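Quick caveat: nothing in here was measured; it's all calculated off a predicted structure.
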Amino acid sequence: MVVGDFPVEVDTLVIGSGPGGYVAAIRAAQLGQKVTVVERGNLGGVCLNVGCIPSKALIEAGHRFHRANHSEDMGITVGEVNLDFSKVQKWKQSVVDKLTGGVEGLLKGNKVDIVKGEAYFVDDSTVRIMDEKSSQTYKFNNCIVATGSRPIELPAFKFSERVVSSTGALGLKEVPKKLIVIGGGYIGVELGSAYADLGSEVTILEGTKSILPGFEKQMSQLVARRLKKMGVTIKTEAFAQSMEESKDGVKVKAEIKGKEEEFEGDILLVTVGRRPNTEELGLEQAGVEIDEKGIVKVDKQCRTSVKNIYAIGDIAPGPQLAHKASYEAKVAAEAISGHPSEIDYTAIPAVVFSGPELATVGLNEAEAKEEGYDVVVSKFPFAANGRALSLNETEGFMKMVTRKEDGLVLGVQIAGANASDMISEACVAIEAGMTAEDIALTIHAHPSLGEITMETAEVALGMPIHIVK
């Protein structure tokens with residue numbers, strides 16, 4: 001980095017290059033802005049490097065290892081299946097490298113300047129970007145802050161060699177014999193199930209009455225049942241109190257329904273949420289308002305209290321999801337360019353890559369009733385779908401919540417194989433204001449899991465073909 005007394009001037013400065021930052025930079029450049037993106041770590045941010053992508057790669061490796069060992073009911077029996085975890089990690093990293101390299105190519109292809117270093121606001125139109133050797137002042141017309149979040153560290157469970165966050169869990173050199181997970185949310189369940197598939201003896205400690213508390217009970221119960229079949233121990237209403245760490249492992253004491261229990265493991269994974277990265281940016285120097293949790297206050301165009309500074313992704317209100325960050329990135333870049341873009345979270349999906357997968361979008365039954373809708377709730381089982389049967393993945397269902405008066409689709413919940421892919425059709429239906437009849441009249445390929453969406457819509461209309469109502 002060149003040290004300069006004169007500031008470098010840019011139209012739009014983007015701080016952070018995760019799914020929010022790099023998308024914002026590309027869209028702003030496409031709309032004719034001169035863009036510079038600043039990244040202190042690796043391009044792609046948490047999601048591509050130590051989050052969404054590597055975790056899904058590890059989960060898939062676990063699924064394949066598990067299936068190799070458990071396909072007898074399909075007539076497939078194999079000899080001893082060997083796991084070389086170092087090769088799994090190398091493969092996982094190769095996936096990450098391809099994507100991060102792709103991000104760099106996309107940024108350069110859209111003529112976005114990439115600067116490595118940490119950004120600190122001097123005022124509402126100036127930042128100082130520093131690396132280990134030098135610093136440079138940048139003056140911007142507009143700035144999009146997309147600095148993401150980091151795992152929350154509990155005072156009694158400081159991160160170490162044996163006490164890890166999701167980042168540490170993805171970088172383990174070997175599969176732990178015994179893994180203790182504090183937190184039964186989506187990160188704890190995904191990584192816990194991945195390591196269970198790979199052979200770990202897993203214990204999940206969750207403070208609420210069920211794992212995956214953000215999902216309907218029927219959905220989370222399916223996952224809990226599958227985890228228990230895999231040998232995972234689930235303790236709910238469990239509050240971890242303290243731990244003892246040694247060179248051989250960790251001991252965790254937890255209060256469970258008024259009684260103290262102790263658990264031993266090789267590794268302790270702490271997944272109790274994420275904290276927005278809004279400190280040490282100097283946002284107060286620019287006059288940007290932040291709440292007590294470190295979340296930046298924004299309007300419907302992702303604009304902060306300072307009109308030319310925008311905030312997106314995990315540092316802005318709403319769920320901490322990569323696809324939310326990318327969506328907000330486009331809104332912010334378009335708003336800067338004078339487009340009337342505004343955020344609308346009506347059809348924002350949430351997915352858990354568990355076994356079976358869970359996905360939801362729009363309103364569930366309880367939420368719809370709370371909002372005063374008179375609804376029809378329709379359900380179709382995976383067990384009645386030909387493709388699910390041929391995949392030997394018959395566990396699960398789809399629920400569709402429609403408005404009684406006209407069949408308008410208000411929400412969809414899916415628990416089953418490939419729910420993460422299937423939910424997209426439901427997102428389109430809600431975004432487009434489609435009815436159950438619109439979906440039922442759409443020809444779906446056969447045999448496919450997608451037919452479950454059509455079949456659920458037919459249940460809503462009172463005329464299902466493949467189940468008896």
Side-chain angles (χ1 to χ4, degrees), residues 55-56 58-59 62-63 65-66 69-70 151-152 154 156-157 162-166 168-170 172 175-243 249-274 350-360 393 395-397 413-417 419:
S55 66
K56 299 332 171 257
L58 190 66
I59 288 166
H63 285 340
F65 184 68
H66 182 79
N69 281 294
H70 299 88
I152 291 174
L154 295 174
F157 302 92
R162 292 194 175 274
V163 182
V164 300
S165 66
S166 55
L170 289 168
L172 294 177
V175 176
K177 291 180 181 177
K178 291 185 178 182
L179 174 68
I180 304 169
V181 182
I182 297 178
Y186 74 94
I187 296 176
V189 166
E190 286 184 351
L191 291 177
S193 61
Y195 276 108
D197 272 341
L198 292 167
S200 290
E201 184 181 320
V202 178
T203 299
I204 298 176
L205 306 177
E206 166 57 36
T208 64
K209 292 183 178 180
S210 67
I211 59 168
L212 302 172
F215 287 80
E216 287 188 319
K217 190 176 180 181
Q218 284 180 310
M219 301 174 78
S220 61
Q221 282 177 335
L222 274 178
V223 176
R225 189 163 67 232
R226 175 82 68 91
L227 286 171
K228 288 173 182 176
K229 282 182 183 177
M230 293 165 60
V232 175
T233 299
I234 300 172
K235 297 287 185 178
T236 55
E237 296 181 79
F239 299 92
Q241 304 291 323
S242 62
M243 72 161 186
V250 288
K251 292 180 181 179
V252 176
K253 288 183 179 179
E255 183 184 313
I256 303 174
K257 299 174 183 176
K259 294 182 180 179
E260 187 180 273
E261 291 188 38
E262 187 173 271
F263 303 89
E264 293 186 19
D266 304 298
I267 296 291
L268 172 62
L269 168 59
V270 181
T271 60
V272 292
R274 300 184 65 84
V351 175
V352 183
F353 291 83
S354 50
E357 289 184 355
L358 306 184
T360 182
E393 291 283 358
E395 205 173 21
F397 60 86
Q413 293 77 47
I414 310 172

Item checked: Any K251 side-chain heavy atom under 4.5 Å of S242 side chain -> no

Next item on the list: Test side chain to side chain contact (heavy atoms under 4.5 Å, CB included) on V250 and V163 and set out the steps.
Entry: CA-CA 8 Å; V250 288; V163 182; 4.2 Å; yes

Item checked: Spacing of K217 atom NZ and K209 atom NZ [to the nearest 0.5 Å] -> 8.5 Å

Item checked: Check: L227 and I234 side chains under 4.5 Å, non-hydrogen atoms -> yes

Margin query: Restricting to non-hydrogen atoms, name the atom on T271 and the atom on G183 that form the minimum distance, rounded to 0.1 Å.
Written below: OG1-O, 3.2 Å

Margin query: Quick test of your reading of the model: are K178 and E264 salt-bridged, counting only N-O distances below 4.0 Å?
Written below: no

Check: Quick one: CD on E201 to OG1 on T233, what's the gap to the nearest 0.5 Å?
Finding: 6.5 Å

Notebook entry, point to check: Has the side chain of H66 got a donor or acceptor atom that lies under 3.5 Å from a matching backbone atom of G62?
Noted result: no

Notebook entry, point to check: Just by distance, do the side chain of S165 and the backbone of L269 share a donor-acceptor pair under 3.5 Å?
Noted result: no

Next item on the list: Check for a donor-acceptor pair, side chain of E357 on one end and backbone N or O of G416 on the other, with a separation under 3.5 Å.
Entry: no

Next item on the list: Of all the heavy-atom pairs spanning T236 and K257, show the shortest one and how long it is.
Entry: O-CE, 4.1 Å

Notebook entry, point to check: Heavy atoms, side chains only, cut-off 4.5 Å: are R226 and P356 in contact?
Noted result: yes

Next item on the list: Hey, could you give me the CZ/CG distance between F397 and L222, rounded to the nearest 0.5 Å?
Entry: 5.5 Å

Check: Quick one: CD on E255 to CG on L205, what's the gap to the nearest 0.5 Å?
Finding: 12.5 Å

Notebook entry, point to check: For R274 and S166, which heavy atoms make the closest approach, and how far apart are they?
Noted result: NH1-OG, 3.9 Å

Notebook entry, point to check: Side chain of D266, backbone of K177: donor and acceptor closer than 3.5 Å?
Noted result: yes

Item checked: Taking every non-hydrogen atom, the tightest pair across V181 and G192 -> CG2-CA, 4.4 Å

Next item on the list: Kindly compute the distance separating CZ (F263) from CD1 (I204), expressed to the nearest 0.5 Å.
Entry: 12.0 Å

Note to self: Checking the side chain of T208 only, and the main-chain atoms of S210 only, is there a donor and an acceptor separated by less than 3.5 Å?
What the structure shows: yes

Checklist line | T360 and I414, any side-chain heavy atoms less than 4.5 Å apart | finding: no

Next item on the list: Have a look at V352 and tell me which of V223, I187, I211, L212 forms a side-chain contact (heavy atoms from CB on, under 4.5 Å) with it.
Entry: L212

Margin query: Would you say CD of E216 has more than 12 non-hydrogen atoms from neighbouring residues, nucleotides or ligands within 6.0 angstrom?
Written below: yes

Item checked: CA sep, side-chain torsions, deciding dist, call: T203, V232, side chain to side chain contact (heavy atoms under 4.5 Å, CB included) -> CA-CA 6 Å; T203 299; V232 175; over 6 Å; no

Item checked: S200 side-chain N/O to P176 backbone N/O, donor-acceptor pair under 3.5 Å -> yes

Note to self: Heavy-atom count check: over 12 atoms from other residues, nucleotides or ligands less than 6.0 Å from K56 NZ?
What the structure shows: yes

Next item on the list: For F65 and D197, work out which heavy atoms get closest and say how close.
Entry: CD2-O, 3.2 Å

Check: Within the distance-only criterion (no hydrogens, no angle test), does the side chain of S193 pair as donor or acceptor with the backbone N or O of V189 below 3.5 angstrom?
Finding: yes

Notebook entry, point to check: When rounded to the nearest 0.5 angstrom, what distance separates CG in L58 from CZ in F353?
Noted result: 13.5 Å

Check: Do M243 and K253 come within less than 4.5 Å of each other through their side chains, counting heavy atoms only?
Finding: no

Checklist line | Minimal non-hydrogen separation, E206 against P213, with atom names | finding: OE2-CG, 4.2 Å

Item checked: Trace of the side chain to side chain contact (heavy atoms under 4.5 Å, CB included) decision for I180 with I267 -> CA-CA 6 Å; I180 304 169; I267 296 291; over 6 Å; no

Check: So, are K235 and E261 salt-bridged, with charged N and O less than 4.0 Å apart?
Finding: yes

